[in-house]
Undergrad: 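I'd like to ask some things about the structure below.
Naming: A, B, ... by sequence-line order, numbering from 1 per chain.
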Amino acid sequence: MIKITFPDKNTKEFNQGITGYEIAKSISPRLAKEVLSITVNGNLWDISRPIKEDAEIVLHKWEDEEGKHAFWHSSAHLMAEALESLYPGIKFGIGPAIENGFYYDVDLGNEKILTDADLPKIEQRMRELVAQKNTYNRKNISKKEALNYFDGKGDEYKLELINDLTDGEITFYSQGNFTDLCRGPHLPDTSPIKAIKLLSIAGAYWRGDEQRKQLTRIYGITFPKKKMLDEYLEMLEEAKKRDHRKIGKELQLFTFSQKVGSGLPLWLPKGAMLRDRLIDFLKKVQVRYGYLPVSTPHIGHKDLYVTSGHYEKYGKDSFQPIKTPNEGEEFLLKPMNCPHHCEIYNSQQHSYKDLPIRYAEFGTVYRYEQSGELHGLTRVRGFTQDDAHIFCRPDQLKEEFIKVIDIILYIFKALDFDNFVTQISLRDKNDKEKYIGSDENWEKAESAIIEATNEKGLETIIEYGEAAFYGPKLDFMVRDAIGRKWQLGTIQVDYNLPERFELTYTGSDNQKHRPVMIHRAPFGSMERFIAVLIEHTAGKFPLWLAPDQVVILPISEKHNEYAKKVSKILNNSDIRTLIDERNEKIGKKIRDNELKRIPYLLIVGDNEIQNEEVSVRKQGDGDKGKMSIEKFKNYFNEKVENLLKSIDTK
RNA sequence: GCCUCUUUAGCUCAGAUGGCAGAGCAGCUCACUCGUAAUGAGCAGGUCGCGGGUUCGAGUCCCGUGAGAGGCUCCA
């Protein structure tokens, strides 16, 4: 007998060699039906694998990441089997389960090109294989045998993977006619895979290295129920409707022009209005936090970036230097603002009493992103950072860091951003070559960040080896409509630039000292931030941000004069209004303006004119009844103020 | 940059097999002067992304090129 310990610490005796499936069955038939994988003493296992000794276990169902993982990993093998039967001689790279589904990287040789049209055929073969109910069989194997097997198949990718394995135990999994190198775990057999959809084909470099061969990657997803697949596909459709590129076009916020160049956004009046409101807001907040505005040109001497080290590291990613015709001097379109700010710091001498100094600039920068990387407003070649650089004494670092966290949290709150993730990126201590600066400084900077996030109660993920070469950082990430993760806010500690630009301050000891620099950008870039904001709100912006806040709808042309009067009164109170003077019926005007996501619609006709009133309609919320113009004005302004005030006190 | 796909009117999209470029919405004109999510009629609008080629004939087939989309370690 062996002792099995459950997650709630209860224990139970079982015969030696019992499987996860049998344990689940002993608890309930329903659980047995749903269990997909098992954690045994911290290792993920197949539920069909016999447990030979005392163990702590956790059973995983579809609802658990581990359960889905086994399901999708098995699906990847199933797809591989289908591919091998359709395209003999195919070679396989890697085929893991991912966040939503799975993929497999394959090499079909030089003749065969896979296209979307081939996917239904592969799906069909997968269904046929599912019907065979083949079991997934695990087998321990020696490295030599493993190499022999794939050598025989001529699969150089698997050979490379096996050769790189150092942890001793190598396992194969087979189902039907297909055998793969795999750590597992897998389902007992293929029968739970009820719904299959292959989603797309993409090129993927072998091991992510663009110097190496590009394989064909096939993405797919599977579910235990057909209904779940339908729901998933529907969810994808819904997400597409929130896409900032689509909404940006609909609401006329921004556009791109081939003549101007790809990756160079053009802000239309309504988008520029939104952008200006955000910038005004942030400027106001920053003044409160003691930031000083600075302004620097769009180009800088190449030497500036050689000094900063950016030229060496990011020169390829910059637009190439502009040469002056006579002197032959070289200038770069600025890829970042920090070197300029360092020179502003250097223009004066500083006492320890002056620090911290916080320079803020909405600086537009230009980076030569690869054409394939460009994406709507989230990845562009010209964008405006809400940038600032804080120069402080080492003893002020933590406090300053906390203040920056405060400012970012404040701003996110003002915009109803709550589902962000924070990530601390620290250095990889085993790879000292990669980083500059003394151990002591790194220790200080890293602990300052960790302590600061602890004090603010932020739940953070810590990533080792992800720090910038000049210092550790804290990033704020959010997801877009399609689930892709984007970095927005960032706070970075930098010992490098003060060194390179020889920044100093005079300490109380009358000696020169090096300040520490903090780079920070709460939005990251205006472009990316607005893209994410659009997707989060589906274009229904907070009242204070909406480009048009109120639209006045006259019942008929007779009422246009009164509409103008209302508009003027509201405009005088800083409310942004439009009038829909079209010769349309009121129902049509309401519909069109609702679709434009204008927060308030005011309907005016004979009934309203009598007592200087307006009929109020709130976007998405229908008729709110009549109100005097004056009352609406106050109601509206109070709403905007309360919104901003309520954030202030938090 | 590389792989796959897309590119037709301002927008969304139809246009097997090569044979006279279409619809809905938006726009303009006219009628109606209207009460809470689409009034009706008419008009106008395209060098089919661009450049070559095959053909009697190309939106459609071939080659090149621009732009856009999805993807390019989430590691057996």
Undergrad: So, OP1 or OP2 of B:U12: does either fall under 4.0 Å of a side-chain N or O from A:K249?
TA: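 The answer is yes; a side-chain N or O of A:K249 sits under 4.0 Å from OP1 or OP2.
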Undergrad: What distance, rounded to whole Å, do you find between the two P atoms, one in B:G35 and one in B:G40?
TA: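 About 16 Å, rounded to a whole number of Å.
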Undergrad: Could you state the atom-to-atom distance from CZ of A:R381 to C1' of B:A67 in whole Å?
TA: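 From A:R381 CZ to B:A67 C1': 12 Å.
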Undergrad: Among A:D105, A:L114, A:I201, find the residue that satisfies the side chain to side chain contact (heavy atoms under 4.5 Å, CB included) test when tested with A:R217.
TA: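 Only one option passes, and that is A:D105.
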Undergrad: By nearest atom, which of the nucleotides B:G70, B:A38, B:C75 is closest to the A:H375 side chain?
TA: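 The listed nucleotide nearest to A:H375's side chain is B:G70.
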Undergrad: Base, sugar-phosphate alone, or nothing: which one does A:N607 contact when heavy atoms must sit under 4.0 Å apart?
TA: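 If one applies the 4.0 Å heavy-atom cut-off, A:N607 turns out to touch a base.
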Undergrad: Please work out if A:D180 contacts a base, only the sugar-phosphate, or nothing of the nucleic acid, heavy-atom cut-off 4.0 Å.
TA: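 A:D180: no heavy atom of the nucleic acid under 4.0 Å.
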Undergrad: Pick base, sugar-phosphate or nothing for A:R217, based on heavy-atom distances below 4.0 Å to the nucleic acid.
TA: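 Sugar-phosphate contact only.
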Undergrad: With a 4.0 Å cut-off on heavy atoms, is A:G376 in touch with a base, just the backbone sugar-phosphate, or nothing at all?
TA: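 The residue A:G376 makes sugar-phosphate contact but no base contact.
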Undergrad: Using the C1' atom as the reference point in each nucleotide, state the distance between B:C61 and B:G57 in Å, no decimals.
TA: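 Their C1' atoms lie roughly 13 Å apart.
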Undergrad: Just say parallel, tilted or perpendicular for the rings of A:F71 and A:W62, cut-offs at 30° and 60°.
TA: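 If you compare the ring of A:F71 with that of A:W62, the planes turn out perpendicular.
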Undergrad: Examine the base of B:U36 for any acceptor or donor lying under 3.5 Å from a partner atom in the side chain of A:S615, and report the outcome as yes or no.
TA: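 Such a pair exists between side chain and base.
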Undergrad: By the rule that syn is within 90° of 0, classify the base conformation of B:A41 as syn or anti.
TA: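 Judged by the O4'-C1' to base torsion, B:A41 sits in anti, the angle falling more than 90° away from 0.
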Undergrad: Using the C1' atom on both, measure B:G53 against B:G15 and round to a whole Å.
TA: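 Approximately 24 Å lies between the C1' atom of B:G53 and that of B:G15.
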Undergrad: For the residue pair A:F476 and A:F420, does the interplanar ring angle fall in the parallel (under 30°), tilted (30 to 60°) or perpendicular (over 60°) class?
TA: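 Tilted.
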Undergrad: Grab the CD1-C1' distance between A:I98 and B:U73 for me, whole Å please.
TA: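 After rounding, the gap between these two atoms is 11 Å.
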Undergrad: With both distances under 3.5 angstrom, what nucleotide forms a Watson-Crick or G-U wobble pair with B:G49?
TA: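 B:G49 is paired with B:U65.
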Undergrad: Can you tell me if A:K588 touches the phosphate of B:A26, counting only side-chain N or O atoms and a distance under 4.0 Å to OP1 or OP2?
TA: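 The answer is yes; a side-chain N or O of A:K588 sits under 4.0 Å from OP1 or OP2.
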Undergrad: From the options A:R597, A:K241, A:K596, A:R245, select the one residue that forms a side chain to side chain donor-acceptor pair (under 3.5 Å) with A:E250.
TA: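 Going through A:R597, A:K241, A:K596, A:R245 one by one, the side chain to side chain donor-acceptor pair (under 3.5 Å) with A:E250 is satisfied by A:R597 alone.
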Undergrad: For nucleotides B:C48 and B:G10, find the distance between their P atoms and express it as a whole number of Å.
TA: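 B:C48 and B:G10 have their P atoms separated by 13 Å.
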Undergrad: If you only use heavy atoms from C-beta on, which nucleotide in B:G70, B:U36, B:C34 is closest to the side chain of A:A202?
TA: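 Nucleotide nearest to A:A202's side chain: B:G70.
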Undergrad: Would you measure the distance from the P atom in B:U36 across to the matching atom in B:A31 and give it in whole Å?
TA: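 About 25 Å, rounded to a whole number of Å.
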Undergrad: When we call it a touch if two heavy atoms are under 4.0 Å apart, what does A:G605 touch: a base, just sugar-phosphate, or nothing?
TA: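 Result for A:G605 = base.
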Undergrad: Watson-Crick or G-U wobble partner for B:G40, using a 3.5 Å limit on both distances?
TA: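 Pair assignment: B:G40 / B:C30.
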Undergrad: Does the side chain of A:H69 get closer than 4.0 angstrom to OP1 or OP2 of B:C74 through an N or O atom?
TA: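 Checking A:H69 against B:C74: no side-chain N or O falls below 4.0 Å of OP1 or OP2.
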Undergrad: Listed by chain and number, what are the side-chain contact (heavy atoms from CB on, under 4.5 Å) partners of A:E581, not counting sequence neighbours?
TA: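 Partners of A:E581 by the side-chain contact (heavy atoms from CB on, under 4.5 Å) criterion, ordered by chain and then number, come out as A:N560, A:K564, A:I579.
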Undergrad: Rounding to an integer number of Å, can you tell me how far A:K596 NZ sits from B:A37 P?
TA: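 Spelled out: NZ on A:K596 to P on B:A37 is 17 Å.
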Undergrad: For A:I603 and A:Y368, take the nucleotide of RNA chain B holding the closest heavy atom to each; which residue's nucleotide lies nearer the 5' end?
TA: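 The 5'-side residue here is A:Y368.
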Undergrad: Any base atoms under 4.0 Å from A:E160, or only sugar-phosphate, or nothing? Heavy atoms, all strands.
TA: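 Result for A:E160 = nothing.
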Undergrad: How many whole angstroms separate atom CD1 of A:I201 from atom C1' of B:U4?
TA: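 Computing the A:I201:CD1 to B:U4:C1' distance gives 7 Å.
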Undergrad: So, does A:Y205 get its side chain near the phosphate of B:G71, meaning an N or O under 4.0 Å from OP1 or OP2?
TA: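 Looking at the OP1 and OP2 atoms of B:G71, neither is under 4.0 Å from any side-chain N or O of A:Y205.
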Undergrad: Please figure out whether A:I555 or A:E584 has its closest RNA chain B nucleotide nearer the 5' end.
TA: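 Closer to the 5' end of RNA chain B: A:I555.
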Undergrad: Taking atom C1' in both B:A21 and B:C13, what distance in whole Å separates the two?
TA: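 Roughly 14 Å separates the two C1' atoms.
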Undergrad: Using 30° and 60° as the class boundaries, would you call the ring planes of A:F636 and A:F632 parallel, tilted or perpendicular?
TA: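 Because their plane-to-plane angle lies in the 30° to 60° range, the rings of A:F636 and A:F632 count as tilted.
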Undergrad: Base, sugar-phosphate, or nothing: which does A:L374 touch, judged by heavy atoms less than 4.0 Å apart?
TA: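 Sugar-phosphate, no base atom in range.
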Undergrad: Do A:R381's NZ or CZ and the ring of A:Y366 fall within the cation-pi criteria of under 6.0 Å and 45°?
TA: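 Pair A:R381/A:Y366 does not count as cation-pi.
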Undergrad: With P as the reference atom in both, quote the distance from B:U60 to B:G64 in angstrom, rounded to an integer.
TA: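 B:U60 and B:G64 have their P atoms separated by 16 Å.
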Undergrad: Watson-Crick or G-U wobble partner for B:G10, using a 3.5 Å limit on both distances?
TA: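 Across any shown strand, B:G10 pairs with B:C25.
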Undergrad: To the nearest 0.5 Å, what is the distance between NZ (A:K626) and CG (A:N607)?
TA: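 Nearest 0.5 Å value for the NZ-CG distance: 5.0 Å.
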Undergrad: Tell me the interatomic distance from A:N593, atom CG, to B:A38, atom P, rounded to whole angstroms.
TA: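 Atom-to-atom, A:N593 to B:A38, this comes out as 13 Å.
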Undergrad: Assign A:K589 to base, sugar-phosphate, or nothing according to its heavy-atom contacts below 4.0 angstrom with the strands shown.
TA: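 Touches nothing.
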Undergrad: With a non-hydrogen cut-off below 4.0 angstrom, is A:A204 in contact with a base, only sugar-phosphate, or nothing?
TA: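 Counting heavy atoms under 4.0 Å across all strands, the contact made by A:A204 is with sugar-phosphate only.
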Undergrad: In whole angstrom, give me the gap between the P atoms of B:A9 and B:G24.
TA: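 Taking atom P in both B:A9 and B:G24, they lie 16 Å apart.
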Undergrad: Provide the Watson-Crick or G-U wobble partner of B:C20, both distances under 3.5 Å; none if there is no partner.
TA: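 Result: none.
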Undergrad: Per the atom types in the model, does the base of B:U36 pair as donor or acceptor with the side chain of A:R617 at under 3.5 Å?
TA: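 Between B:U36 and A:R617, which were checked side chain against base, a qualifying N/O pair under 3.5 Å is present.
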Undergrad: Could you check whether atom NZ of A:K139 has more than 12 heavy atoms from other residues, nucleotides or ligands sitting under 6.0 Å from it?
TA: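 No, not enclosed.
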Undergrad: Quick one: does A:E373 reach the base of B:G71 with a side-chain donor-acceptor pair under 3.5 Å?
TA: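 Check fails, no donor-acceptor contact within cut-off.
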Undergrad: Check every strand shown and say whether A:Y219 touches a base, only sugar-phosphate, or nothing at a heavy-atom separation below 4.0 Å.
TA: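 Sugar-phosphate contact only.
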Undergrad: Mind calculating the distance between CD1 (A:I590) and C1' (B:G35) to the nearest angstrom?
TA: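 After rounding, the reported distance stands at 8 Å.
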Undergrad: Between C1' on B:A31 and NZ on A:K585, what's the gap in Å once rounded to a whole number?
TA: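 Atom NZ in A:K585 sits about 13 Å away from atom C1' in B:A31.
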Undergrad: Can you tell me which nucleotide in B:A69, B:U33, B:U73 comes closest to the side chain of A:R245?
TA: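 Nearest listed nucleotide: B:A69.
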Undergrad: What is the separation between atom OH on A:Y562 and atom C1' on B:G35, rounded to the nearest whole Å?
TA: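 In whole Å, B:G35 C1' lies 15 Å from A:Y562 OH.
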Undergrad: I'd like to know if A:Q214 reaches the base of B:C2 with its side chain, counting only an N/O donor and acceptor under 3.5 Å.
TA: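 Check passes, donor-acceptor contact within cut-off.
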Undergrad: According to the Watson-Crick and G-U wobble definitions, with both distances under 3.5 Å, which nucleotide is paired to B:U73?
TA: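 Paired with no nucleotide.
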